[in-house]
Amino acid sequence: MLDVFFTYEFLQNAFFVGIMIGFLAPVLGVFIVVRKLALITDALSHITLTGIAFHLFAAQSAAWLASFNPLYMGMAFSVAGSLMMEKLRNVYSAYQELAVPIILSSSIGLGVVFISLADGFNNDLFNYLFGSVIAVTRNDLWTIGIITVLITAILIFFYKELLFLSFDEEQAKVSGLPSKWINIVFIVITALVIASSMRIVGIMLVSSLMVLPAAASIQLAKSFKQMFLYAVLFGETSVVLGLISAFYLNLAPGGMIVVTALLILVTVLLYRKAAGFAIQTVRRTPNM
């Protein structure tokens with residue numbers, strides 16, 4: 001069944017990009033879920049769309065921009081938005097949660113304006129919104145490959161610091177950990193992963209690929225490291241099955257990937273409920 005994915009170049013691009021995103025998104029998703037920052041993914045995905053819409057609008061009057069991949073402008077906007085969000089978290093130190101809706105609402109407003117100036121939705125925008133296997137180019141593959149190597153190295157290097165900040169940010173600050181800079185690094189790499197994921201999953205659904213595998217892993221993992229293992233397993237399974245089903249059923253890959261991740265989460269929840277019921281039944285059974 002996978003043979004066809006190694007026959008055509010565009011399917012190879014989509015498959016390998018999906019594998020990389022299926023690793024990065026759930027890994028970062030674990031940190032995001034533990035830190036209770038799930039809404040950040042929605043804010044950054046919308047500001048990425050704003051960047052792409054701005055590129056499409058600007059390319060109408062600046063012909064030289066048309067030769068550049070809109071992905072780069074989306075990444076630039078996403079990184080800028082992440083830095084602005086972190087700045088707002090410091091400005092509103094007593095109400096840090098305000099930073100997310102400020103960026104989210106602003107990016108939606110700007111995105112609508114740029115989409116209108118760019119003469120409304122076109123096929124390119126729909127591909128970015130919901131993902132497309134055809135839209136993934138070899139250039140995208142190399143770009144996301146470099147980002148994957150870079151972010152993996154950062155996560156390995158800052159693993160202990162990110163772990164400390166995830167569970168007790170205040171204590172991490174008291175202990176002298178440079179939390180400000182580590183938070184900036186974390187939110188920037190999150191922005192890059194979100195921008196990279198939109199080719200396969202789509203901007204509207206990328207947050208689901210980060211949150212759903214992490215949510216399922218929490219139900220089964222007995223340690224923080226196990227959360228990563230389960231999250232990556234569920235993420236990769238969602239991507240592979242989602243891409244295969246999308247190709248053969250002629251459906252949007254982003255939607256099928258998210259539906260697969262949702263089915264995995266539901267299955268895990270049902271398993272936990274059944275296991276809990278079985279344990280209670282055993283405990284209530286009188287000894288003969």
Side-chain angles (χ1 to χ4, degrees), residues 5-6 8-29 41 44-59 62 64-83 107 111 114 122-157 184-207 209-210 232 235-236 238-240 242-243 246 252-254 257:
F5 279 84
F6 298 98
Y8 302 100
E9 182 176 303
F10 74 95
L11 288 178
Q12 293 174 14
N13 297 337
F15 183 79
F16 289 120
V17 167
I19 291 296
M20 288 185 284
I21 297 303
F23 168 75
L24 288 179
V27 167
L28 286 178
T41 57
L44 293 178
S45 63
H46 282 83
I47 202 167
T48 302
L49 174 63
T50 302
I52 292 170
F54 174 77
H55 176 96
L56 296 177
F57 161 66
W64 60 273
L65 272 177
S67 61
F68 287 90
N69 192 335
L71 178 68
Y72 301 142
M73 188 67 75
M75 286 182 177
F77 268 65
S78 187
V79 170
S82 68
L83 294 174
S107 61
F114 288 135
N122 56 31
N123 190 54
D124 288 336
L125 273 176
F126 274 105
N127 288 338
Y128 285 112
L129 281 172
F130 305 109
S132 172
V133 293
I134 299 176
V136 183
T137 65
R138 186 67 70 174
N139 186 35
D140 293 329
L141 175 61
W142 283 110
T143 300
I144 296 170
I146 293 171
I147 290 174
T148 300
V149 173
L150 175 64
I151 292 178
T152 302
I154 291 173
L155 290 175
I156 293 173
F157 187 77
I184 289 175
V185 170
F186 177 74
I187 201 167
V188 166
I189 63 176
T190 301
L192 289 174
V193 170
I194 288 173
S196 303
S197 304
M198 60 191 177
R199 279 299 204 185
I200 289 292
V201 188
I203 293 168
M204 303 301 292
L205 302 171
V206 63
S207 61
L209 186 59
M210 301 187 84
V232 171
E236 296 289 14
S238 300
V239 168
V240 173
L243 285 176
I257 289 171

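The figures that follow rest on heavy atoms only: side chains count, while hydrogens, waters and symmetry mates do not.
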Next on the checklist: Test side-chain contact (heavy atoms from CB on, under 4.5 Å) on L28 and L155; report intermediate values, then the result.
Outcome noted: CA-CA 9 Å; L28 286 178; L155 290 175; 3.9 Å; yes
Next on the checklist: Are the side chains of T148 and V193 in contact, using a 4.5 Å heavy-atom criterion?
Outcome noted: no
Item to check | Inter-residue atom distance I184.CD1 - L83.CG, 0.5 Å rounding | outcome: 6.5 Å
Next on the checklist: Once rounded to the nearest 0.5 Å, what's the spacing between atom CD1 of I151 and atom CZ of F186?
Outcome noted: 10.5 Å
Item to check | Exercise: identify the closest heavy-atom pair between L141 and M20 | outcome: CD1-CE, 3.6 Å
Checklist entry - Do Y72 and T143 come within less than 4.5 Å of each other through their side chains, counting heavy atoms only? => result yes
Checklist entry - Are any of the side-chain heavy atoms of I19 and E236 separated by less than 4.5 Å? => result yes
Checklist entry - Roughly how far, to the nearest 0.5 Å, is CG of L49 from CD1 of I52? => result 6.0 Å
Item to check | Minimum heavy-atom distance V239-G22, with the two atoms named | outcome: CG2-CA, 3.8 Å
Next on the checklist: Could you work out, with ring pair (Phe, Tyr, Trp, His ring centres under 6.0 Å) as the rule, every residue matching F77, not counting sequence neighbours?
Outcome noted: F54
Item to check | Smallest separation among heavy atoms of M73 and G51, with atom names | outcome: CG-O, 3.1 Å
Checklist entry - Which heavy atom of S78 sits nearest a heavy atom of L44, and at what distance? => result O-CD2, 3.7 Å
Item to check | Any residue meeting side chain to side chain contact (heavy atoms under 4.5 Å, CB included) with S107, in chain and number order, not counting sequence neighbours | outcome: H46, I47, T50
